[in-house]
Each structure stands twice: as structure tokens, then as C-alpha cells.
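Working notes for the structure below.
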Amino acid sequence: MSDARAEILGKIRQSRGVIDDSAAEARLSTRPRGIIPARTDKAPGVLVDLFVTQAEFVDASVDRVASADDVPDAVAAYLASQNLPSEVRLAPDTQLDDIPWDQRPTLLVSRGKTDGSHEVSVTAAFAGIAETGSLMLHSGPESPSTLNFLPDHHVVVLRASQVRKSYEDGWDDLRRQMTSRPNTLPRTVNFITGPSRTGDIEQKILMGAHGPRRLHIVLIDDGFIGTSTPEKFDGI
Amino acid sequence: MESTSHRFPENARAALTNEALQSALGKLETGFVVNRATAAGRLPEFEALRDQARDIKNHTLAHLDYYLEAFEAKVIENGGHVHWASTAAEARQIILDICRTVDAKTVTKGKSMIAEEIALNDYLAENGVEPIETDLGEYIIQLRDEPPSHIIAPAVHVIKEQVAEAFHVAHTHLDPNRSLEEPRELLEEARAVLRQKFLDADVGITGANFLIAETGTSVIVTNEGNGDLTQILPKIHIALASLEKVTPTLEDTTSLLRVLARSATGQEFSSYTTFSTGPRRDDDVDGPSEYHVVLLDNGRSGMLGSEFQDMLRCIRCGACMNHCPVYGVVGGHAYGWVYPGPMGAVLTPTLLGVEEAGHLPNASTFCGRCESVCPVRIPLPNLMRQYRKREFERKLVPASTRAGLGLWAFFARRPALYRVATEIMGLMLRVMGGKRGRIGWLPAARGWTAHRDMPAPTGRTFQAQWAARRAVRPQSSKDASRRTKL
Ligand code: SF4
């Protein structure tokens with residue numbers, strides 16, 4: 001339908017006076033940032049606290065552990081607390097390689113995407129966004145998107161050093177990583193803010209509409225914690 | 001879908017006596033309205049973010065062709081396809097053709113108002129492709145065979161007993177005696193039924209809240225996760241969107257997202273905000289192998305440069321209808337087409353013509369609440385007023401109203417005569433009101449007095465009182481200085 005294309009663009013141009021797109025060109029190359037909420041203006045350690053508060057505010061649960069060595073126990077404890085079988089589907093993500101899963105021989109770990117038959121997935125986050133307690137994840141050979149949506153329980157491993165102030169900081173990190181093909185995002189970038197929910201029946205909020213019923217974050221305190229005196233954050 | 005906008009008065013009358021509807025609508029004020037206010041209150045920058053959102057949208061509209069071409073180039077570079085459609089019919093055909101390339105039996109759909117606008121479901125079904133709505137609200141109204149009544153909460157007019165009834169009729173493979181009394185039971189059933197549909201679908205169709213020129217990305221915002229399952233599981237993902245959804249950069253999109261969820265549901269961010277760029281990469285292990293974007297015009301390019309251009313800023317948050325006193329009592333179906341409430345009262349006559357939808361801009365008290373909450377500051381009442389003007393100019397207004405307005409204009413242009421006439425009128429009304437001070441019958445306003453008395457004026461006219469006040473207490477210089485400070 002290339003006719004439609006010419007017709008539509010023609011009509012748009014007709015409505016414009018002098019055509020000067022230099023402002024638009026500049027915007028695409030400089031990508032100016034807008035207003036970033038001041039609530040994110042915190043020292044790194046306090047920023048992690050803000051992330052936790054915000055994530056819990058949207059009904060995610062957060063378990064803070066000291067190191068990667070503690071993750072298997074934390075995951076096993078979560079499964080037990082939810083009366084779930086001791087079995088997880090793990091993202092084949094190198095970020096999770098330093099976790100000693102064999103420390104819990106009873107925990108059954110398989111790796112790969114999911115066809116919907118797995119009840120619990122464990123994936124790594126790309127970043128945590130403190131502003132709203134959102135997790136930033138993206139697709140790739142090591143991080144199938146199906147793991148973020150099909151299982152009933154989504155467990156996400158996040159490191160304190162990955163917590164960013166704003167979505168914009170997350171985008172900058174991702175851009176830095178996409179050096180081979182600049183300006184090309186992975187197929188899917190997800191910002192996940194709490195578990196799946198719906199208000200479509202009489203505006204009553206219920207968890208677990210089509211995506212995970214629960215979102216559990218295992219947060220590894222890998223460096224920032226204890227480095228700053230916790231200041232009180234106000235008015236979030 | 002077929003419009004019944006021309007029957008707005010009849011639709012509205014029926015809505016007022018519909019008990020289920022009235023009970024459902026009663027929850028708007030305690031739900032959406034309170035939640036939005038709370039979310040706005042939690043963010044000191046909220047008002048500044050609204051200004052910024054307006055400016056981003058205005059900038060984009062000023063360079064719309066540039067950004068659309070940039071978007072298209074980027075989608076193609078990433079291995080996707082862009083299809084341009086001038087009309088609803090073209091868009092439907094494009095989508096059907098894509099479905100046919102994989103011999104699609106079923107397609108899952110994320111919520112898309114554009115799909116409603118082009119009546120996609122009926123068309124697909126007529127051509128042998130079964131469309132399955134996956135947003136819970138959309139699924140409910142699809143089973144009930146009715147249009148959405150709200151742009152973000154399509155089944156907001158339905159009560160849970162009606163949902164149970166629809167499920168009993170549709171899900172015949174389940175035990176007919178099962179309990180469906182609680183919302184949780186209804187949700188579990190829908191979740192189980194739709195899960196299989198997600199896995200079986202050949203094509204997934206979603207809308208798009210934004211299309212990003214910088215990266216060739218479509219963005220969806222959902223709470224249920226249905227949009228994500230719709231677009232990652234099938235072989236083909238089609239994103240259907242209208243032209244004005246394009247935004248310049250990730251930064252601009254992020255800025256707009258900061259006001260979207262807060263204005264819509266009062267959440268700081270929706271559960272799932274998803275950015276999709278092209279098909280799955282060679283080494284990806286899941287995701288669709290084809291990615292198509294269908295760009296629909298359907299009258300929007302004609303709004304550019306017109307007095308209705310501001311309406312193209314709309315980001316479909318629904319706040320204007322949540323806060324509208326008229327929507328709050330008649331609900332969305334009364335508006336007769338896809339877009340209800342104040343945004344529909346402007347958009348529907350623009351897209352369908354004032355002959356079809358001229359009633360809608362009149363269905364407003366001009367209280368201004370919609371404009372006061374619109375995240376992109378669309379002057380909705382003013383745009384409705386433009387339509388009233390047009391309607392009057394085109395002589396679509398009834399003769400009696402035209403005569404009345406003509407009479408009023410005659411006096412209004414002659415201030416001295418106006419003052420005398422209103423003084424006399426006031427006196428007459430006072431006499432008619434009698435001792436009770438209420439008038440039960442007025443010759444020119446029978447429709448109004450049929451349902452309530454009109455209070456008779458008690459004193460002199462405003463102009464007369466104002467003149468008297470100024471004569472007694474001339475404005476002091478102190479008053480004047482206080483005024484400028486205000
Ligand atoms: S007109 Fe404004 S308030 Fe109404 S849906 Fe559009 S953006 Fe939201």
C-alpha cells in the first residue's frame with residue numbers, strides 16, 4: 001500500500017507551512033532528558049532502600065541477601081513459603097553463573113525458555129529502577145521473555161550495584177551495551193513493576209491476571225550497602 | 001463498528017434507568033478518581049510533567065512526517081515491516097493478508113482501541129480467522145457481544161453477576177454447577193481458558209501506546225500481562241496504531257509514561273511496560289519471527305493544522321471520562337461509538353462527521369474537570385465549543401434553539417436594552433414564583449421544569465447590583481493593589 005504512504009505523508013506536509021526539520025533531527029541525535037523526579041536524588045545505598053520500598057509498594061516481595069552464595073537458600077525458602085515443589089526453571093544467563101545451585105541438591109534446576117509447564121522461573125535483571133521499584137529486563141539468547149510471563153511465580157535476581165535512579169539511567173546502560181548495533185534495542189525490553197493484576201471486574205484489584213501471580217526479588221547486597229549512612233527519604 | 005452516536009439522547013435516557021449500569025458507574029469516583037489524585041499528590045513534579053508531556057506531543061505533531069519516516073526506516077532496519085493505511089478498510093485488509101500468510105486459524109489480541117475503531121474482529125471472523133480478546137475486560141465484552149464502554153476499562157459497565165452469566169454461556173466444557181460468585185473465581189476461570197488460547201494462536205495483534213522514531217519500537221502498557229503473551233508467543237506480532245502515536249526518543253517516551261499510568265489508574269507505573277523492536281533475533285530463543293506495524297490514518301492527517309489538532313496529543317489515559325459528570329451517569333455506550341466521554345465528544349465528530357455525532361459535544365456541562373486532569377492539557381471544553389459553533393453554522397441546530405439564540409444575540413448586542421429586558425424578566429419570574437419562590441412550569445423550558453422546579457430570582461439582576469455596589473463603594477487603591485497580587 002505504498003499509495004497510502006504517499007497520500008498520508010502528502011497530507012501531513014500540506015498542513016505544514018515551511019518545512020524545517022532541524023529541531024527534530026537535533027532531538028533524535030541529542031535525545032534530551034526531561035524532568036527526572038527529585039525523589040531519586042539519593043546516595044547509592046539509600047537509592048537501594050528506595051527501590052525496595054517502591055517495589056514492595058507495588059506488591060512485589062523482596063529478600064535481601066549478602067552474596068550470590070545465599071541465593072539458593074533464599075529461593076528454596078521462597079518456594080517453601082509458597083508451598084511450591086522444589087523446582088525452578090532458570091534463565092541460561094551468565095549473570096547467574098556465580099550462584100552455587102548445587103549447594104541445595106534437593107532444588108531441581110533446569111535451564112531454558114518455558115512452554116508454560118514451569119511453575120517458577122528464576123531470571124536475572126538488567127537493572128532495578130528505584131523511582132518506581134521497576135525491574136528492567138530484556139530478551140536475548142540468555143534471557144527468554146517467556147520466563148517473565150508464563151510461570152505463576154517469577155523470581156528475579158538483582159544486585160544492589162544494578163539499581164539505577166531512573167528509567168533514563170537504565171536506557172543509557174542499555175545503549176552502552178548495544179555497541180555492535182547502535183540504537184538497536186533487544187527484541188523485547190520489559191519494565192516489570194509488581195505482579196500481574198487486573199481491575200476489570202468491578203474495579204476490584206486482583207493479582208495474577210495472565211502473568212505471574214507473584215513477583216519475588218532476591219536482592220544481592222554487593223557493595224553499596226553499609227557504605228552510606230542511611231538518610232531518611234521523605235515524601236515518596 | 002457501526003455508530004449510534006446520532007441517537008445519543010435516546011441512548012442516554014436508556015442508560016439512566018439501567019440499574020446494573022448505574023451500580024457499576026457508581027464506583028468510578030471512589031476508584032479511578034481518588035487513585036489519580038493520590039498518585040498526582042505523591043509526585044511534586046506532576047504538573048510540570050504535564051506541561052512537558054504537552055510540549056513533547058506538540059513538537060512531535062509539528063514534525064509528524066519526519067518522525068514517521070524515521071520510525072519506518074528504523075523498523076525496516078531491524079527486520080520488521082511497516083504498512084500504511086489511509087482508511088479502516090485498508091488496515092483490515094492488510095491485517096487479514098498477513099494472517100493468511102501463515103494460514104492463521106486463531107489470533108490473540110491485546111487491547112487496542114484502533115482495532116475497535118476499524119471493527120477488526122468482525123472482519124476477521126467473517127473471513128475465517130477467529131479473534132480472541134485477551135484483556136480480561138475485552139474478553140468479557142467480546143463474550144457479551146458488545147463494544148467497550150471505556151478506553152482503559154472496557155467492561156467497567158458490567159457487574160460480576162453479568163460476567164458469571166457470560167462465562168456460564170461461553171465455557172460449556174466446564175461443570176455447569178461450578179461457583180462463579182466471586183471476582184477471584186471469575187478471574188481464575190478466564191486465566192485458565194485464555195492460557196491455552198495464548199499458546200495456540202498463530203498471530204498476536206496488539207495496539208501501541210507509543211511508536212518510537214529513534215529505535216523503531218512499539219510500546220504497550222498493561223497490567224495483566226496479556227499483551228506480552230499476545231506478542232511473544234505466536235509466530236507473528238502485528239502492532240496496530242494510529243499515526244499520532246509516534247514519539248521522538250526513548251527519553252521522550254519515558255517522560256510521557258510518567259504521566260500515563262498516574263492519570264489512567266493512579267499507578268506510578270503499570271505492571272508491564274514493554275518495548276518491542278523488530279522480530280526475534282537470530283540467536284533469541286523465543287519471540288515472534290515476524291514483526292509488522294500497521295499505521296492507520298483514518299482522518300487524523302486532516303486534523304493537523306485544523307482547530308482540532310490539539311486532540312492528536314491524546315495518550316488515551318481515560319482520565320477525562322473518569323472525571324466527567326455526564327459520562328459518570330450515562331456510561332460509555334450512550335456515546336454510540338468507540339470513544340466515549342469528553343475525548344470521544346471531540347474525536348467522534350472529527351472522525352465520523354458532525355452530522356453523525358453532533359450530539360456528543362453538546363453532552364457536556366462545560367464544568368472543565370476533563371481539561372483540569374488531562375495529562376497532555378487538551379482544552380477539551382473549548383474543542384467541544386468549536387463543534388457547537390460548527391453545528392450552529394451548518395444549521396444542524398433545531399429551529400426553536402436557533403430562534404432563541406438569535407433573540408438573545410439581538411439583546412446582547414444592545415446593552416441598554418439588555419439591562420431593561422433582564423430587569424423586566426427578573427420581575428416577571430419573581431411574580432411567577434409566588435410565595436414559594438419556585439417556578440414549576442416555564443413555556444420555553446418545559447423539558448427542564450418537567451423534572452424539577454426552577455427557583456425564582458430573589459433580588460435584582462447581577463448587573464444592577466454591581467452598578468449599585470460600585471456607586472456606594474468606589475474601588476480604593478488598596479483594593480486594586482491587592483487584586484494585582486492575586
Ligand atoms: S483527552 Fe486527555 S484525559 Fe482524555 S483520554 Fe486523552 S489524554 Fe487522557
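Naming: A, B, ... by sequence-line order, numbering from 1 per chain. Please read these numbers as outputs of a predicted model, since none were measured by experiment. Just so you know, these numbers use all the heavy atoms, side chains as well, and skip hydrogens, waters and symmetry mates.
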* Checking salt bridge (Lys or Arg N to Asp or Glu O under 4.0 Å) for the pair B/Lys27/A/Glu202: CA distance, chi angles, key distance, verdict? -> CA-CA 8 Å; B/Lys27 300 190 173 97; A/Glu202 298 191 348; 3.8 Å; yes
* Candidate pair B/Val158 and A/Ile201, rule side chain to side chain contact (heavy atoms under 4.5 Å, CB included), full reasoning -> CA-CA 8 Å; B/Val158 182; A/Ile201 301 172; over 6 Å; no
* **Residue pair B/Phe269, A/Phe191: steps toward the side chain to side chain contact (heavy atoms under 4.5 Å, CB included) verdict** => CA-CA 9 Å; B/Phe269 225 51; A/Phe191 287 94; 4.1 Å; yes
* To do: Show your working on side chain to side chain contact (heavy atoms under 4.5 Å, CB included) between B/Tyr66 and A/Ile19 and close with a plain yes or no.
  => CA-CA 10 Å; B/Tyr66 178 87; A/Ile19 297 197; over 6 Å; no
* Under the side chain to side chain contact (heavy atoms under 4.5 Å, CB included) criterion, do B/Leu250 and A/Arg31 qualify, and how do the steps go? -> CA-CA 8 Å; B/Leu250 291 168; A/Arg31 303 183 300 242; over 6 Å; no
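Residues B/Phe275 and A/His138 keep their aromatic ring centres 6.0 Å or farther apart.
Interface remark: of the candidates B/Gly225, B/Gly278, B/Gly31, B/Gly278 forms the most heavy-atom pairs closer than 4.5 Å to chain A. Annotation: maximal heavy-atom pairing with chain A below 4.5 Å, among B/Glu188, B/Arg300, B/Glu77, B/Gln267, occurs at B/Glu188. Per-residue counts of heavy-atom pairs under 4.5 Å with chain A were compared for B/Ser23, B/Gly79, B/Gly137; the largest is that of B/Gly137. For the set A/Leu9, A/Leu135, A/Asp115, A/Asp59, the entry with the most heavy-atom pairs within less than 4.5 Å of chain B is A/Leu9. No other option in A/Asn190, A/Val189, A/Thr132, A/Thr184 has as many heavy-atom pairs under 4.5 Å with chain B as A/Val189. When each of B/Thr277, B/Val221, B/Val163 is checked for heavy-atom pairs under 4.5 Å with chain A, B/Thr277 comes out on top. Among the candidates A/Arg33, A/Gln14, A/Glu25, A/Arg27, the residue making the largest number of heavy-atom pairs closer than 4.5 Å to chain B is A/Arg27. Contacts with chain B were tallied for A/Ser139, A/Pro212, A/Ala209, A/Ser15; A/Ala209 has the most, counting heavy-atom pairs under 4.5 Å. Residue with the most contacts toward chain B among A/Gly34, A/Ala24, A/Gly211: A/Ala24 (heavy-atom pairs, distance under 4.5 Å). For the set B/Gly305, B/Ser255, B/Pro183, B/Ala70, the entry with the most heavy-atom pairs within less than 4.5 Å of chain A is B/Pro183. Between chain A and the options B/Ile56, B/Leu295, B/Asp284, the largest number of non-hydrogen pairs under 4.5 Å is found for B/Asp284. With chain B as partner, the option from A/Arg175, A/His210, A/Glu131 having the largest number of non-hydrogen pairs under 4.5 angstrom is A/His210.
Within the 3.5 Å criterion, the main-chain N or O of B/Ser86 finds no donor-acceptor partner in the side chain of A/Glu7.
When side chains are defined from C-beta on, A/Ser145 does not count as touching B/Asp228, because their heavy atoms never get closer than 4.5 Å. Two residues are said to be in side-chain contact when any heavy atoms from C-beta on lie closer than 4.5 Å; B/Glu251 and A/Tyr167 fail this criterion. No side-chain heavy atom of B/Ser270 sits less than 4.5 Å from a side-chain heavy atom of A/Thr193. In this structure, the side chains of A/Gln203 and B/Leu28 come closer than 4.5 Å at one or more pairs of heavy atoms. At least one side-chain heavy atom of B/Leu243 sits less than 4.5 Å from a side-chain heavy atom of A/Ile8. In this structure, the side chains of A/Arg39 and B/Glu45 stay at 4.5 Å or more apart for every pair of heavy atoms. By the 4.5 Å heavy-atom criterion applied to side chains, A/Thr198 and B/Asn223 are not counted as neighbours.
The CZ atom of A/Arg5 sits 9.5 Å away from atom CG of B/Leu68, with the distance rounded to the nearest 0.5 Å. Rounded to the nearest 0.5 angstrom, B/Asp286 CG and A/Phe149 CZ are separated by 10.5 Å. Rounding to the nearest 0.5 angstrom, the gap separating the CZ atom in B/Arg191 from the OG atom in A/Ser196 is 6.5 Å. With rounding to the nearest 0.5 Å, the separation of NZ in A/Lys11 from CG in B/Leu64 is 13.0 Å. Taking NE2 from B/His63 and CG from A/Asp20, the interatomic distance works out to 7.0 Å, rounded to the nearest 0.5 Å. If you take OH on B/Tyr139 and CG on A/Asp200, they are separated by 13.5 Å, rounding to the nearest 0.5 Å.
Contact annotation for A/Leu150: both backbone and side-chain heavy atoms come within less than 4.5 Å of a heavy atom of chain B. Proximity to chain A (any heavy atom under 4.5 Å) is shown, for B/Glu214, by both the backbone and the side chain. Only the side chain of B/Thr217 comes within contact range of chain A, judged by heavy atoms closer than 4.5 Å. Neither the backbone nor the side chain of B/Thr222 comes within contact range of chain A, judged by heavy atoms closer than 4.5 Å. With a 4.5 Å cut-off on non-hydrogen atoms, B/His59 touches chain A through its side chain but not through its backbone. Looking at B/Leu187, both its backbone and its side chain come within 4.5 Å of chain A, counting heavy atoms on both sides. Within the 4.5 angstrom heavy-atom criterion, only side-chain atoms of B/Leu194, from C-beta onward, approach chain A. Using a 4.5 Å cut-off between heavy atoms, B/Leu257 does not touch chain A at all. Using a 4.5 Å cut-off between heavy atoms, A/Ser134 contacts chain B through its side chain alone, with no backbone atom that close. With a threshold of 4.5 angstrom between heavy atoms, B/Phe46 does not approach chain A through any atom at all. In this structure, the portions of A/Ala23 lying under 4.5 Å from any heavy atom of chain B include both its backbone and its side chain. In this structure, chain A has heavy atoms under 4.5 Å from both the backbone and the side chain of B/Val285. At a 4.5 Å heavy-atom cutoff, the contact between B/Leu304 and chain A is made by backbone and side-chain atoms alike.
No more than 12 heavy atoms of other residues, nucleotides or ligands shown are found within 6.0 angstrom of CG on B/Asp282.
Salt bridge annotation for A/Arg13-B/Asp65: present, with a cationic side-chain nitrogen under 4.0 angstrom from a carboxylate oxygen. Ion pairing of A/Lys204 with B/Glu182 is absent here, as no side-chain N (NZ or NE/NH1/NH2) approaches a carboxylate O to less than 4.0 Å. Taking the charged nitrogens against the carboxylate oxygens, A/Glu168 and B/Arg258 do have a contact shorter than 4.0 Å, which makes a salt bridge.
Applying side chain to side chain contact (heavy atoms under 4.5 Å, CB included) to A/Trp171 and the options B/Thr215, B/Thr253, B/Thr254 leaves one that passes, B/Thr254.
Here the closest heavy-atom approach between residue A/Gly194 and residue B/Ser271 is recorded as O-CB, 4.2 Å.
Listed by chain and number, the residues in a side-chain contact (heavy atoms from CB on, under 4.5 Å) with A/Thr94 are A/Asp97, A/Glu142 (sequence neighbours excluded).
In this structure, B/Arg42 is positioned above the aromatic face of A/Phe57, its NZ or CZ under 6.0 Å from the six-membered ring centre and within 45° of the axis.
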